[in-house]
> 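Just dropping this structure here.
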Number of protein chains: 2
Amino acid sequence: MKHPNKHDLLVLLTEFENACRKADLKVTHQRLEIFRELAQAHDHPSAEMLYNRIIKRLPTISLDTVYRTLATLEKHGLITRVQTLESQARFEAEMIRHHHAVCRKCGAITDFSWNTFDEVQVPAELSGWGRITKRNAILEGICNDCVKGN
Amino acid sequence: MKHPNKHDLLVLLTEFENACRKADLKVTHQRLEIFRELAQAHDHPSAEMLYNRIIKRLPTISLDTVYRTLATLEKHGLITRVQTLESQARFEAEMIRHHHAVCRKCGAITDFSWNTFDEVQVPAELSGWGRITKRNAILEGICNDCVKGN
DNA sequence: TCATAAGTAGTAATAATTATTATTTACAGA
DNA sequence: TCTGTAAATAATAATTATTACTACTTATGA
Ligand SMILES: [Mn+2]
Ligand SMILES: [Mn+2]
Ligand SMILES: [Zn+2]
Ligand SMILES: [Zn+2]
């Protein structure tokens, strides 16, 4: 999972505008900035982290707007809320299937793809469970920075 | 993942007492009741859910004690905090490796084992990440009850 | 341009969790 | 069994994360 370059980001933002219009969401300055910031982030930021980054460019934005916008975009499937053990929710704009390695020490979330896992068949035990729409692997451990930094 | 029967529960509780002593944790009535309740639960209850169940038998227990105890037991590896998208944290005493199917509608968390996944090799992409200590699969979807109940 | 409903900022409120403190209890040692 | 002591608890207050309220602003379609 690499950062989007300047061109990619423009494409993403255009797609985002179109998706908003399709979903009857107004394309506001705030929504664009929140989405842009999240799309170029690589660290699965929390609402507060995004707020602190965006306020530098958009000094009047409110934390409430960031929370509200993230909830709206999540509801419309434009961004994802990431499961963590932390108290603050974290988000990402990367919608391509991928998985997470999480550092128990510093909380860093690293993206990776894992085709082998994506293709493993779900156990029979679960055949009667219901309708499965998503599968994710979460690896937990201590990242290299934290191992060294000890 | 089946419920513990009466005998299993007694064994679990004895092991729990021993683990507490080994960890220099006093074996209090509250800790025993909280662990007992969690050990026989099958629904990954939140602190509040546990509190509401325990207070029937132990009318003076405080919610704070439930939170504090769960944090203590988690720190000593006697229980697990379960990752969810919800605002309330959820817990389990089942320490045998297993995975979760989560209903997006009702929030139910179903345990299952998945040997095929347990044995799949972690992708090369992640070889330099750090020390991986745990791997979990999370399946998301709509459980049968919720599909029917619509 | 203009009407209007959706969205926002600022602030208040709520929900979940953690801290403080006086009291109680587990348990090691006599 | 009794006792001293540190750890744990109950009650309550405080904090943190998130959501609600409301008057004002803005995107958008006519
Ligand atoms: Mn990710
Ligand atoms: Mn479980
Ligand atoms: Zn780390
Ligand atoms: Zn369900």
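As a basis for the values below, the full set of heavy atoms in this structure was taken, side chains included, without hydrogen atoms, waters or symmetry mates. Owing to the predicted nature of the structure, the values given are computational and were not obtained by experimental measurement. A note on names: the letters A, B, ... follow the listed sequences, proteins ahead of strands, and every chain is numbered from 1.
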> Measure the distance from CG on Leu63(A) to C1' on dT11(C) and round it to the nearest whole Å.
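For the pair Leu63(A) CG and dT11(C) C1', the rounded distance is 12 Å.
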
> With a 4.0 Å cutoff (strictly under), does any side-chain N or O of Gln30(A) reach OP1 or OP2 of dA9(C)?
yes

> Nearest whole Å is fine: how far is dA8(D) P from Leu32(B) CG?
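My rounded result for the distance is 13 Å.
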
> Output yes when at least one side-chain N/O atom of Thr65(A) is less than 4.0 Å from OP1 or OP2 of dA9(C), else no.
yes

> Does Thr69(B) place a side-chain N or O at less than 4.0 Å from the phosphate oxygens OP1/OP2 of dA8(D)?
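Indeed not, no polar side-chain atom of Thr69(B) lies that close.
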
> For nucleotides 12-17 of chain D, tabulate all protein N/O to nucleotide N/O atom pairs closer than 3.5 Å, reporting atom names and distance.
residue, atom, partner, partner atom, Å
dA17(D), OP1, Gln88(A), OE1, 3.2

> Please report the distance, rounded to the nearest Å, between CG in Leu70(A) and C1' in dG7(C).
15 Å

> Would you please say whether a donor-acceptor pair under 3.5 Å links the side chains of Thr65(A) and Ser62(A)?
yes

> Quickly work out the Arg68(A) CZ to dG7(C) P distance and round it to whole Å.
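Taking CZ of Arg68(A) and P of dG7(C), I get 9 Å after rounding.
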
> Reading DNA chain C from 5' onward, which residue's closest nucleotide shows up sooner: Ala47(B) or Val66(A)?
Val66(A)

> Using the benzene-type ring in the case of Trp, are the ring centres of His98(B) and Phe112(B) under 6.0 Å apart?
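Distance test on ring centres: not under 6.0 Å, no.
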
> Would Asp111(B) and His100(B) count as having a side-chain donor-acceptor pair, cut-off 3.5 Å?
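Indeed, the side chains of Asp111(B) and His100(B) share at least one donor-acceptor pair under 3.5 Å.
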
> Between Phe117(A) and His99(A), is a ring-ring contact (aromatic ring centres under 6.0 Å, His included) present by the stated rule, with each step listed?
CA-CA 10 Å; Phe117(A) 166 67; His99(A) 308 283; 5.0 Å; yes

> Any ion pair linking Arg53(A) and Asp43(A) (charged N to carboxylate O, less than 4.0 Å)?
yes

> In whole angstrom, give the distance that lies between atom CG of Leu58(A) and atom P of dG7(C).
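It works out to 17 Å between those atoms.
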
> Could you state the CG-P distance from Leu50(A) to dT18(D), rounded to the nearest angstrom?
12 Å

> Are there over 12 heavy-atom neighbours, none belonging to Gln121(B), within less than 6.0 Å of that residue's CD?
no

> Would you kindly give the CZ-to-C1' distance between Arg31(A) and dA6(C), to the nearest whole Å?
8 Å

> Consider only side-chain N and O atoms of Arg31(A) and Thr72(A), and report whether a donor and an acceptor are under 3.5 Å apart.
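There is no such pair between these side chains.
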
> Between P on dT26(D) and CG on Asp24(A), what's the gap in Å once rounded to a whole number?
21 Å

